[in-house]
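The structure under discussion appears below in the form of structure tokens.
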Amino acid sequence: MDAPVPELQARAAACADALRDADSVLLASHIDADGLTSAGIAATALERADIPHDVVFSKQLDDEEIAGLAAHDHDTVLFTDFGSGQLEAITEHERSGDFTPVIADHHQPADADTQFHLNPLLEDVDGGKELSGAGAAYVLARALLGEDATDLAALAVVGAVGDRQTVDGELVGANTQIAAEGVEAGVLDTAKDLALYGTQTRPLPKLLEYASEVYVPGITNDENGAVRFLDGLDLELHDGGNWRTWADLSHDERQTVVSALLKRAVRHGVSSEDVTKLVGQTYTLTAEEPGTELRDASEFSTLLNATARYERADVGLAVCLGERGEPLEAARELLREHRRNLSEGLSWVKREGVTVEDDLQWFHAEDRIRETIVGIVAGMALGSDATESDRPIIGFGYKNDEETKVSARGTSRLVDQGLDLSEVMSEASQAVGGDGGGHTVAAGATVPRGREQEFLDEVGDVLADQL
Ligand code: C5P
Ligand code: C5P
Ligand code: ZN
């Protein structure tokens with residue numbers, strides 16, 4: 001089998017050699033679903049290749065964090081799902097002999113280069129849509145282990161889905177090559193199916209009621225309506241005393257629900273663009289227990305976000321490494337809290353409203369929304385009717401007494417019109433003494449507290465140039 005993403009093979013081989021040459025490796029990764037799956041893939045690969053290693057996580061890779069990594073006792077540091085944006089600081093440590101950096105990332109690279117640098121953007125592969133951090137880590141694992149790594153493709157798909165890399169409901173480009181390896185390895189199944197969140201774990205009426213992807217009148221946000229809709233179908237809805245889930249339904253039963261749902265949506269005037277969003281490509285992890293969060297890539301990624309964004313990356317990593325039992329129970333508990341926080345955060349934004357300006361809209365949650373999830377809430381708000389859909393959204397939240405976290409989210413339509421939030425965050429934050437970066441459609445920054453207004457003015461200037 002040829003390795004996926006041929007464009008990256010030379011870089012992957014060089015990175016793999018550097019890791020084989022290491023006495024011991026410190027693996028450093030980012031605290032979101034993509035960062036955790038990146039770490040799960042890379043740590044498993046190092047383990048299988050008998051390379052001694054430790055794993056650490058970081059919210060934001062700034063100079064101080066990098067200096068902390070340098071203080072460890074490892075000759076090589078492997079960065080996954082970050083590192084490319086911080087090349088200047090990293091290469092400084094490389095020059096002073098603190099460690100050999102190896103980077104597997106998909107963020108916009110800073111203006112410097114290093115010898116062992118695996119990033120799709122360096123080879124004209126789209127790092128926003130075609131390859132995630134976990135995908136880059138997978139390409140590296142394949143270079144280290146050959147076909148002994150292909151079972152890790154399932155985690156790479158979870159990372160890509162967690163980074164919202166799907167386009168019109170499905171993975172594209174390099175990501176599809178990785179998904180195909182997962183299917184071949186027997187760990188992944190892809191199918192056209194109902195594209196709502198919660199097919200594995202939500203009781204059927206809740207699946208329909210809570211679906212925020214598409215608003216279907218009389219069903220979305222309407223508990224009784226969702227139950228009435230299901231009651232009207234020729235379908236067994238319960239198993240014993242419990243509601244069945246989507247995962248419990250047979251192929252034919254699913255067809256029955258989907259066609260009735262599509263009919264209902266059309267009849268109630270849902271736009272054809274929205275109607276098509278009800279069905280999409282789904283990614284099932286076939287080695288996982290049916291009816292669990294781990295079985296569906298989208299639910300798995302949310303479960304992971306619920307751990308590392310609450311300082312429990314250890315729990316998320318354990319789940320990625322295949323541990324079940326206690327870590328999985330801990331992750332589920334964290335997921336309940338995460339859901340509550342997201343729902344409260346979104347309600348707060350809806351209640352307070354956003355401030356709409358020429359090319360942007362913004363809200364400042366201060367300490368009402370945890371800074372590690374302000375970006376998720378901003379993204380949910382942008383997809384809701386509480387905001388304008390024709391301009392990016394900026395969310396602020398306090399990070400600590402001195403700093404404010406910024407998260408920016410756009411849409412692919414805006415990116416097509418020239419939006420590059422990575423550039424916006426990087427330039428505007430640096431103008432006020434902060435730092436930032438990311439992707440065209442989603443980026444973030446840290447700025448000094450009290451300089452938010454000044455920062456917004458800078459953002460407005462850069463956006464006016466882009467749009
Ligand atoms: O650091 P990393 O690349 O892993 O994070 C990307 C972030 O951007 C994720 O939190 C992901 O959910 C977000 N994103 C988004 N909307 C998109 C694409 C990415 O909110 N369309
Ligand atoms: O934190 P948030 O979810 O808003 O991050 C969106 C994207 O921007 C992520 O890919 C993250 O790694 C990136 N980011 C960055 N520098 C920052 C903050 C976020 O590169 N200071
Ligand atoms: Zn990522």
Side-chain angles (χ1 to χ4, degrees), residues 29-39 41 57-63 65 79-87 89 103-110 119-121 126-138 156 158-169 175 298 301-302 304-305 308-309 342 365 369-383 392-397 399 403-416 419-430 434-447 455:
S29 196
H30 194 207
I31 56 143
D32 64 2
D34 190 31
L36 282 167
T37 47
S38 301
I41 291 168
F57 288 90
S58 166
K59 219 174 348 191
Q60 196 54 55
L61 197 58
D62 53 22
D63 294 355
E65 287 281 326
F79 297 90
T80 56
D81 195 34
F82 56 23
S84 295
Q86 298 77 22
L87 271 182
I103 301 172
D105 188 12
H106 69 134
H107 288 88
Q108 193 57 51
N119 184 318
L121 295 164
D126 187 335
K129 295 192 181 112
E130 287 198 45
L131 202 72
S132 67
Y138 178 76
V158 174
V161 168
D163 257 15
R164 316 252 317 249
Q165 293 207 319
T166 49
V167 179
D168 296 332
N175 276 326
S298 174
S301 74
T302 302
L304 293 178
N305 273 323
R309 291 179 192 260
L342 291 182
I369 300 176
R370 212 183 154 88
E371 50 109 355
T372 51
I373 62 164
V374 78
I376 304 182
V377 174
M380 290 166 75
L382 187 59
I393 186 165
I394 312 260
F396 294 99
K399 186 168 186 165
E403 294 170 312
T404 294
K405 169 70 198 293
V406 191
S407 279
R409 295 292 186 269
T411 61
S412 50
R413 181 173 303 172
L414 287 164
V415 169
D416 291 342
L419 179 73
D420 179 355
L421 288 173
S422 171
E423 181 185 66
V424 172
M425 288 295 109
S426 155
E427 287 185 5
S429 63
Q430 282 171 25
D435 209 6
H439 309 288
T440 51
V441 74
T446 302
V447 298
F455 169 78

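Order of listing sets the numbers, starting from 1, for every ligand and every atom in it.
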Open item on the list: Quick check: closest heavy atoms across Ala137 and Ser38, and the distance to 0.1 Å?
Closed with: CB-O, 3.7 Å
Task: Lys/Arg-Asp/Glu bridge criterion (N-O < 4.0 Å) met for Glu65, Lys59 - done: no
Open item on the list: What I'd like to find out is whether the side chain of Val158 reaches to under 4.5 Å of the side chain of Ser301, using heavy atoms alone.
Closed with: yes
Open item on the list: Tell me whether the count of non-hydrogen atoms from other residues, nucleotides or ligands lying under 6.0 Å of CG in Asp416 goes above 12.
Closed with: yes
Task: Test applied, side chain to side chain donor-acceptor pair (under 3.5 Å); reference residue, His106; option that passes from Asp163, Thr80, Asp126 - done: Asp163
Open item on the list: side-chain hydrogen bond (donor to acceptor under 3.5 Å, both in side chains) for Thr440 and Asp420? Distances and angles first, verdict last.
Closed with: CA-CA 4 Å; Thr440 51; Asp420 179 355; 5.5 Å; no
TODO: Run through ligand 1 for me and note each protein residue having a heavy atom under 4.0 Å from it, chain first, then residue number.
DONE: His30, Asp32, Asp34, Asp81, His106, His107, Gly162, Asp163, Arg164, Arg309, Arg409, His439, Val441, Ala442
Task: Nearest-0.5 Å distance, OG1 of residue Thr404 to CZ of residue Phe455 - done: 10.0 Å
TODO: Taking 2.8 Å as the upper limit, name the protein N, O or S atoms near the Zn ion (ligand 3).
DONE: Asp34 OD2, Asp81 OD1, His106 NE2, Asp163 OD2
Task: Heavy-atom side-chain contact between Asp81 and His107 under 4.5 Å - done: yes
Open item on the list: Suppose I only count heavy atoms of Asp435 and a 4.0 Å limit; which atoms of ligand 2 are within that range?
Closed with: 21 (N)
Open item on the list: Within this structure, what is the CZ-CD1 distance for the pair Arg409 and Ile376, rounded to the nearest 0.5 Å?
Closed with: 8.0 Å
Task: Contacting atoms of ligand 2, where contact means under 4.0 angstrom from a heavy atom of Lys405 - done: 1 (O), 2 (P), 4 (O)
TODO: Mind checking the CZ-CG spacing from Phe82 to Asp34? Nearest 0.5 Å is all I need.
DONE: 11.5 Å
